[in-house]
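Everything on this sheet refers to the single structure shown next.
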Number of protein chains: 2
Amino acid sequence: MKVNGKHYRSIWFDSTSNTVKIIDQRWLPHKFPIVELTTRQNFADAIREMWVRGAPLIGATAAYGMAVQMLNDPSDTSIDETWEILHETRPTAINLRWALNHMRELLKPLPEKSRALVAMQRAGEICDEDVEANRQIGLHGLEIIKQIAATKPPGAPVNILTHCNAGWLATVDWGTATSPIYHANEAEIPVHVWVDETRPRNQGAQLTAWEMDSHGISHQLIVDNAGGHLMQNGEVDLVIVGTDRTSANGDVCNKIGTYLKALAARDNDIPFYVALPSPTIDWSVGDGEKEIPIEERHGDEVTKVWGKLDDGTLASVQICPDNTPAGNPAFDVTPRRLITGLITERGIAEASPEGLAKMFPEFVR
Amino acid sequence: MKVNGKHYRSIWFDSTSNTVKIIDQRWLPHKFPIVELTTRQNFADAIREMWVRGAPLIGATAAYGMAVQMLNDPSDTSIDETWEILHETRPTAINLRWALNHMRELLKPLPEKSRALVAMQRAGEICDEDVEANRQIGLHGLEIIKQIAATKPPGAPVNILTHCNAGWLATVDWGTATSPIYHANEAEIPVHVWVDETRPRNQGAQLTAWEMDSHGISHQLIVDNAGGHLMQNGEVDLVIVGTDRTSANGDVCNKIGTYLKALAARDNDIPFYVALPSPTIDWSVGDGEKEIPIEERHGDEVTKVWGKLDDGTLASVQICPDNTPAGNPAFDVTPRRLITGLITERGIAEASPEGLAKMFPEFVR
């Protein structure tokens, strides 16, 4: 989407420099650095250290990582090592495994000398497919927003709450949860977005608020605690979130705190949708609550908060006593019973084994 | 409770200096400044700017504020003006109104020359009554913890989640929600406390974590988003929170985000208790969700986070783009249907009009 009037994707092959470029998202919203990734190690660092984040973008980055490695060493050993090195960077991200498996299966049968070119081309296609999937998600989600808008007085905005960043920065373009919002905006349906700051890493405050601001979409930043109260008071019409991994049963693993918003939406009869491109579905997992491992991240993410000081320098502040022990589960699982529907590129599926199987029959075992 | 081995209350009359002293809690946990309040304006600033916070402590501070003003001007006009000036500082705090009404009713019938002495004495008694009420709350809450401990393997801690700071810093001593924890600790029942950081002002991170650390009570700081996941995974046995105002129906107004934790506790069959001294009950309010006004505070609390830099200086960092609009409702209302019980100084009441009326028949209209 646009930044300062210029259209960007979150990852792209720059044919001038012959390199893959990304936005180093660690510095947003305060800086907007574009960096080249030229080695497998660069890609691993970029994923592990969250220069890039968001399930679809992690997948696309891994695909390009494999492709760039093929330029350096197109051997079978190199493919297998790259699979391992990139996979271990973010074990919860199902798209990462999907992209790595896909590239490995594509490349292994090919002669070594063809691998680099095919891999680069396929990585580019994976990006294009993600963009198209998110565009389709946006069109399906737009219908939900249209229906809600039709129930409101003319000109009254549809109030949408979102958690974390499932925006274009988390995908290649459009975003998942935000794609319906951009499409509503283009269709001139007034929307107002409640942006959960999304502690501990504040991706809502740092990324989603920045995306909304860049597009001139009406929004307000709120603490993660506020959404329930807003729902109790009729100030939220719709919740749309993204997901890092969806089980075949329709359970949704997403950024920590998503489950709490789903509970509040249910308690207040507010529709709660999850937007997801199908590679986010893990067909090998049935019961998401029991089977999806939850990444426990470093306590520093909890005890410290990063941002901009009054003088413009970027720094972290410690919010608690020295040496405070912290717990930091990074994700939670929202059970399907709390989910109104799953907005996929093929349409809106019921969050159930049957709903997903009907929408994606080719994946059912 | 104790700080560096010395016992403190959160407000006290210092007979050496003949002044009222408080802990200026704005600098905790990084500094521990003790300040004198000598004018009515001092008291108003201390309440409004949250040098002191927490419903019971706000009430005690207001009572002392009225008393100190009587030293300066014991007239009827002075009483009425002080009521107005102190009341407008934190309109949501029911204890504030309770204490001011109480002092006004006590003082008005007295000759002016008696007012200062009586007021100072009564303010001290209000403090002592708060300490005793919280001690009783702790003893009643201890029984709940004992019952849970009896269901666990020997030595396994009772895991208690709390939100915001309903600790001794929010009262005169013991705290409300924390009093059962201190009592369990004294009874040598192992407890582990999950401390919600409690954005936007991070009172959990700044105050509750500091209190727990000072007493050597096992605890971990978590983001507000994490509690639901911990409850889904059996890592929380009990939730105890405080309240700023409880309606006669048993609805509980407390720091924003409390409602979300109550929903998660209900969804996972975890007992959810609210600890409150009876002055926190607003007998004039029936339906808390409809009738309790919610304070909307400045957006800066959302867009900025305060803490300690690596070099030890204290500063705020901005976590979002410049000029991001923010919504900042400070409280929410947890409906009584989600509350297991109200731990009062007289015992554990059902969260219902009948439950409260049975416990406090003298207040029923």
Side-chain angles (χ1 to χ4, degrees), chain A residues 29-30 194-195 197-200 202 205-206 209-210 213 219-230 232-233 255-261 263-264 267 289 294 299 301-310 314-329 331-333, chain B residues 29-30 194-195 197-200 202 205-206 209-210 213 219-230 232-233 255-261 263-264 267 289 294 299 301-310 314-329 331-333:
Chain A
H30 309 297
W194 295 109
V195 179
E197 64 174 340
T198 320
R199 282 278 287 148
N202 283 338
Q206 291 171 13
W210 180 82
D213 183 51
H219 66 287
Q220 273 170 282
L221 181 67
I222 51 174
V223 296
D224 301 308
N225 283 325
H229 171 73
L230 296 174
Q232 283 177 305
N233 286 274
K255 187 64 47 180
I256 191 78
T258 302
Y259 166 58
L260 293 170
K261 294 302 142 64
L263 286 170
D267 200 47
E289 286 182 271
I294 300 297
E301 293 185 353
V302 175
T303 59
K304 294 182 177 180
V305 177
W306 176 84
K308 187 172 77 169
L309 291 165
D310 282 345
L314 303 179
S316 290
V317 290
Q318 175 188 313
I319 61 167
C320 57
D322 294 343
N323 305 314
T324 295
N328 188 16
F331 302 92
D332 62 23
V333 175
Chain B
H30 309 298
W194 295 109
V195 179
E197 63 174 341
T198 320
R199 283 277 287 149
N202 283 338
Q206 292 171 15
W210 179 81
D213 183 50
H219 66 288
Q220 273 170 283
L221 181 66
I222 51 174
V223 296
D224 301 308
N225 283 324
H229 171 73
L230 296 175
Q232 284 177 303
N233 287 276
K255 187 64 45 181
I256 191 78
T258 302
Y259 166 58
L260 293 170
K261 294 300 142 62
L263 286 170
D267 199 46
E289 287 182 89
I294 300 298
E301 293 185 351
V302 175
T303 59
K304 295 181 178 180
V305 176
W306 176 84
K308 188 171 76 168
L309 291 165
D310 282 345
L314 303 178
S316 291
V317 291
Q318 175 189 313
I319 60 167
C320 57
D322 293 344
N323 304 313
T324 295
N328 189 16
F331 302 92
D332 61 23
V333 175

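Only a predicted model underlies this, so the values are computations on that prediction, with no experimental measurement involved. Note on naming: letters A, B, ... go to the chains in the order of the sequence lines (proteins, then strands), and numbering restarts at 1 for each one.
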Proximity breakdown for B/N328 and chain A, heavy-atom pairs closer than 4.5 Å: neither

Nearest 0.5 Å, please: how far is SG in A/C320 from CG in B/N202? 9.0 Å

Below 4.5 Å from any heavy atom of chain A, which atoms of B/I294 appear? Answer side chain, backbone, both or neither. side chain

Chain A contact via B/P29 - side chain, backbone, both or neither, heavy atoms under 4.5 Å: side chain

On a heavy-atom basis, the closest approach of B/V302 and A/E197 is O-OE1, 4.4 Å

For chain B, which candidate among A/T258, A/I319, A/I222, A/T303 shows the most heavy-atom pairs at distances under 4.5 Å? A/I319

Sort B/Q232 into side chain, backbone, both or neither according to what part of it lies under 4.5 angstrom from a heavy atom of chain A. side chain

Which pair of non-hydrogen atoms, one from A/Y259 and one from B/G228, has the smallest distance, and what is that distance? CE2-O, 3.6 Å

At a 4.5 Å cut-off on heavy atoms, which part of B/W306 comes close to chain A: side chain, backbone, both, or neither? backbone

Assess the residue pair B/L260 and A/H229 against the criterion (side chain to side chain contact (heavy atoms under 4.5 Å, CB included)); give the C-alpha distance rounded to whole Å, side-chain angles, the decisive distance to 0.1 Å, and a yes or no. CA-CA 9 Å; B/L260 293 170; A/H229 171 73; over 6 Å; no

Given the options B/H219, B/Q206, B/E301, which has more heavy-atom pairs under 4.5 Å with chain A than any of the others? B/H219

Who wins among A/G227, A/A209, A/G299 for the most heavy-atom pairs under 4.5 Å with chain B? A/A209

List for me each residue that meets salt bridge (charged side-chain N to carboxylate O under 4.0 Å, His left out) alongside A/K308, sequence neighbours excluded, and say none if there are none. B/D322

Only counting residues at least two apart or in another chain, list the ones meeting salt bridge (charged side-chain N to carboxylate O under 4.0 Å, His left out) with B/D267. A/R337

Under 4.5 Å, counting heavy-atom pairs only, tell me which of A/T198, A/V305, A/D310 racks up the most with chain B. A/V305

Heavy-atom pair count under 4.5 Å with chain B, highest-scoring of A/A226, A/P329, A/P321: A/P321

Point-to-point distance, once rounded to the nearest 0.5 Å, from CG of A/N323 to CG of B/D213: 8.0 Å

Count the heavy-atom pairs under 4.5 Å between each of B/D332, B/V195, B/I256 and chain A, then report the option with the highest count. B/I256

Taking every heavy atom of A/A315 against every heavy atom of B/L309, the minimum-distance pair comes out as CB-CD2, 3.6 Å

Go through the atoms of B/K304 and report whether side chain, backbone, both or neither lie under 4.5 Å from a heavy atom of chain A. side chain

How about B/D224 and A/V223: do any of their side-chain heavy atoms sit closer than 4.5 Å? no

